[in-house]
Amino acid sequence: MMQRLPICEVQTDLEKKFTKNRITILVGETGSGKSTQIPQFILRMSNGTEKIAVTQPRRVAAINLAKRVAEETKTTLGQDVGYTVRFQNMSGPNTKIKYLTDGMLLRELLLRTSLDQYTTIILDEAHERTIITDLLMGFLKTLLQTRVNLRLIVMSATLDADRFSRFFDGAEVLYVQGRRFPVQRYFLSKPVEDIVDATVRTAIQIHSSEPMGDILAFLAGQEDIDKVVDTLNDMIRSLPVGLPELVALPLYAALPPQQQLKVFEKVPGNKRKIIIATNIAETSLTISGVRYVIDGGTQKVKVWRHDLGLDSLLTMPISKSNAAQRMGRAGREAAGKCYRLYTETDYGGLRSQMEPEVERCDVSFPILTLKLAGVTDVLGWNWLERPSKAAIMSALMQLYTLKALDDEGKITELGKKMAVLPLPPHLSAVLLDAYQKGIADAVLDIVSCLSIENLIMNPHPDKRDEVNGKRLPFITASGGMGDLVVLRNYVQHYRSLLSSEEKKEWCKELHINYRAMSNVEDVRKQLESYLKAGSANSKSEDKSAKLGPSILNEQIIQCFLTGFVSNTALRLPGKTYRTIAGGQNINVHPSSSMFDKKVDAIMYTEYMFTTKAYARNVSPIDLQWLQQIAPHFLSRRTAGSDY
DNA sequence: GAGCACTGC
């Protein structure tokens, strides 16, 4: 018989609280069953009259929870219990418990404003502090003043509930126990010098002295992970006789899907599996059979520098909350052990939570969202965590440059259209400009590619020449017009292939992610329909197919320039460029088709610091285009600099 | 001549 969930023992208590309180903060550890049980409690105590929305930061979580609750309630998925995520709606007008991504609820909020189809809203995993969950909390705080019959439950897996409680004017905090097995933790007595070496040695030590059970190791990035996997594979041959075999597997998001699936396969016979992963294994993917965790103590974090318009990818220490989450991965099915590759003193110095996303990202998207919702004073809005004044000012400037806001900071008609497209503001601006110019058909291909992650994959060093050879014809066909045109060439060729077998085979040869490519097609369809719905009265005929390739490509780049004026740079002697906006040195990334081309000026869609400052998705531009599209930008920026 | 964590509409 299934073991009773801890939460069921306090069911009547909780129901009393939910009846009394309009806003409740509920802290429940992993395994408490809060995500599946609380919505059912609410439904039962109302005799089935409530309509409940439960948000999740990730799509798979929303889908899986809905499936489980439909099973538990013995109903058909999509009837009483359902879900809504992008591209998939398994819910109907009679759905009583609906799991949805937080992005979907935000969208419903923006398009219908009062969420009056729901009587209870549950924000789950609020401790993750995604930009969208944070925004939802701010909007709901206001909404609760007018929607007097609305109930809100904020659920968090960590003990940071005070912050939520204070935000909601002292809302009551309830705690429920989790159910998990004890995990013994170990610290190092002195700091490590080489994390790869330390991980390998710890893995071998566990393997040679501990009972069977798989190992999960957390490291910051692909480079270290690959090194550990290679080293372990070399050492496995020289393991003492009588020791079981050790199978080392990497796991990170950029890995081809097929290789990712290997970590879930059972290894046959008397073997032990060790998975070396990024923090994808911390929340997004759960692997069963893990008894031992090795925690490297770091993670990579994207940090936005609004003063430079630059993203940096930095390796940083994790937080205590991350450490707890990683440790918990060893105790899901039985007692486990966690080896932390840092000292107890280092642990003591870690911050308790990660910095919320809204404090380290470009906030032009949240600011535009607030403007669409009618917020005039974005600095004074009730932010759960307010971004710095400088970050907000920079976002306002960006939105003004994109013509989403007018001189007074009010949202324009264009801005409203931008805000409802499922794209970052820059790309919305590009697409709307293309629609107006009648070349949306072509630009849609590229914008869709840019909004999908891990589409064009890095081939392994030993396969690089072969793959680059296969890619070359598409680069040649771009006529030196840069990476955006190359992307479109890929999409067009993919689309020209008739069977899915051919498509798969071609993607494999060029190391293009097939699943991502089919997502590109879904995104394209969705964007196209939103675009048409948003401008029913100003229908213009698309001329993409009628223009000659070189004219079309020039016009494509000019459209992108309207969204990325500030992502432009002029060539210095040699192969470096200097950004027009900030006067920073910038290099064309070696994976770009423009890497060894020398042109006077470039535009790029991404500017990121890893080992150097690199421009990605690079196109050549004519300075006259810049002059036409943004004369003020060019004169203002170059007047005081040293060109 | 790089090699980049993760997620959402």
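We name chains A, B, ... by the order of the sequence lines, and we start the count at 1 in each one.
- Atom CG in L427(A) sits about 16 Å away from atom P in dC9(B), given to the nearest Å.
- Looking at heavy-atom distances under 4.0 Å, T130(A) makes no contact with the nucleic acid at all.
- Among the nucleotides dG1(B), dC9(B), dT7(B), the one closest to any side-chain atom of M104(A) is dC9(B).
- Of the candidate nucleotides dA2(B), dG8(B), dA5(B), dA5(B) has the atom nearest to the side chain of K302(A).
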message: Quick one, K532(A) with E528(A), criterion salt bridge (charged side-chain N to carboxylate O under 4.0 Å, His left out). Give me CA distance, side-chain angles, the key distance, then yes/no.
response: CA-CA 6 Å; K532(A) 284 182 178 152; E528(A) 201 172 5; 3.7 Å; yes
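- Remark: Q222(A) is in phosphate contact with dA5(B), judged by side-chain N or O atoms under 4.0 Å from OP1 or OP2.
- By the side chain to side chain donor-acceptor pair (under 3.5 Å) test, N454(A) is found to be paired with no residue, residues two or more places apart in sequence or in another chain being considered.
- Listed pair S451(A) / dC9(B) fails the phosphate criterion, with no side-chain N or O lying under 4.0 Å from OP1 or OP2.
- In this entry the distance linking CG of D596(A) with P of dG1(B) reads 11 Å, nearest Å.
- Remark: E359(A) engages no residue in a salt bridge (charged side-chain N to carboxylate O under 4.0 Å, His left out) (not counting sequence neighbours).
- The nearest pair of heavy atoms linking K371(A) to V375(A) is CD-O, 3.7 Å.
- Judged by the 6.0 Å distance and 45° axis criteria, K575(A) is positioned over the aromatic ring of F595(A).
- Across all strands, N279(A) comes closer than 4.0 Å only to sugar-phosphate atoms, never to a base (heavy-atom distances).
- Residues forming a salt bridge (charged side-chain N to carboxylate O under 4.0 Å, His left out) with D362(A) (at least two apart in sequence, or on another chain): none.
- Using a 4.0 Å heavy-atom criterion, one finds that Q299(A) contacts no nucleic acid atom at all.
- Nearest to the side chain of F595(A), among dT7(B), dG1(B), dC9(B), sits dG1(B).
- Spacing between atom CG of N468(A) and atom C1' of dG3(B) amounts to 13 Å, rounded to whole angstrom units.
- Among the protein residues, R464(A) comes within range of the nucleic acid bases, having at least one heavy atom under 4.0 Å from a base atom.
- Which of dC6(B), dA2(B), dG8(B) sits closest to the side chain of Y252(A) comes down to dC6(B).
- Summarising the geometry, the separation between CD on E125(A) and C1' on dC6(B) is reported as 14 Å, rounded to the nearest angstrom.
- At a threshold of 4.0 angstrom between heavy atoms, the contacts of L423(A) include nucleobase atoms, whether or not backbone atoms are also involved.
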- prompt: Under a cut-off of 3.5 Å for both distances of each Watson-Crick or G-U pair, what dot-bracket string does DNA chain B give, using [ ] for crossing pairs and | for inter-strand pairs?
  reply: .........
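- In this structure, the nucleotide among dG1(B), dA5(B), dG8(B) sitting nearest to the side chain of T101(A) is dG8(B).
- Nearer to the 5' terminus of DNA chain B, by closest-nucleotide assignment, is the contact made by L251(A) (compared with the other of T84(A) and L251(A)).
- Note on V85(A): only backbone sugar-phosphate atoms sit closer than 4.0 angstrom, heavy atoms only; bases stay farther off.
- Taking the salt bridge (charged side-chain N to carboxylate O under 4.0 Å, His left out) definition, one finds that E128(A) meets it with R58(A), sequence neighbours left out.
- Taking the salt bridge (charged side-chain N to carboxylate O under 4.0 Å, His left out) definition, one finds that R571(A) meets it with nothing, sequence neighbours left out.
- In this structure, the NZ atom of K300(A) is 16 Å from the P atom of dT7(B), given to the nearest Å.
- Whole-Å rounding puts the D102(A) CG to dC6(B) C1' distance at 13 Å.
- Side chain of W383(A) to backbone of V378(A): a donor-acceptor contact under 3.5 angstrom is found.
- Following rounding to the nearest Å, I63(A) (CD1) and dT7(B) (C1') show an atom-to-atom distance of 14 Å.
- Out of dC6(B), dG8(B), dG3(B), the shortest distance to the side chain of F365(A) is found at dG8(B).
- Remark on DNA chain B: of its neighbouring residues I280(A) and P424(A), the 5'-side contact belongs to I280(A), judged by nearest-heavy-atom nucleotide.
- Nearest nucleotide to the R107(A) side chain, out of dA5(B), dA2(B), dC9(B): dC9(B).
- Here the C1' atom of nucleotide dC9(B) and the CG atom of N89(A) are 14 Å apart, to the nearest Å.
- Residue E282(A) is out of contact with every strand shown, counting any heavy-atom pair closer than 4.0 Å.
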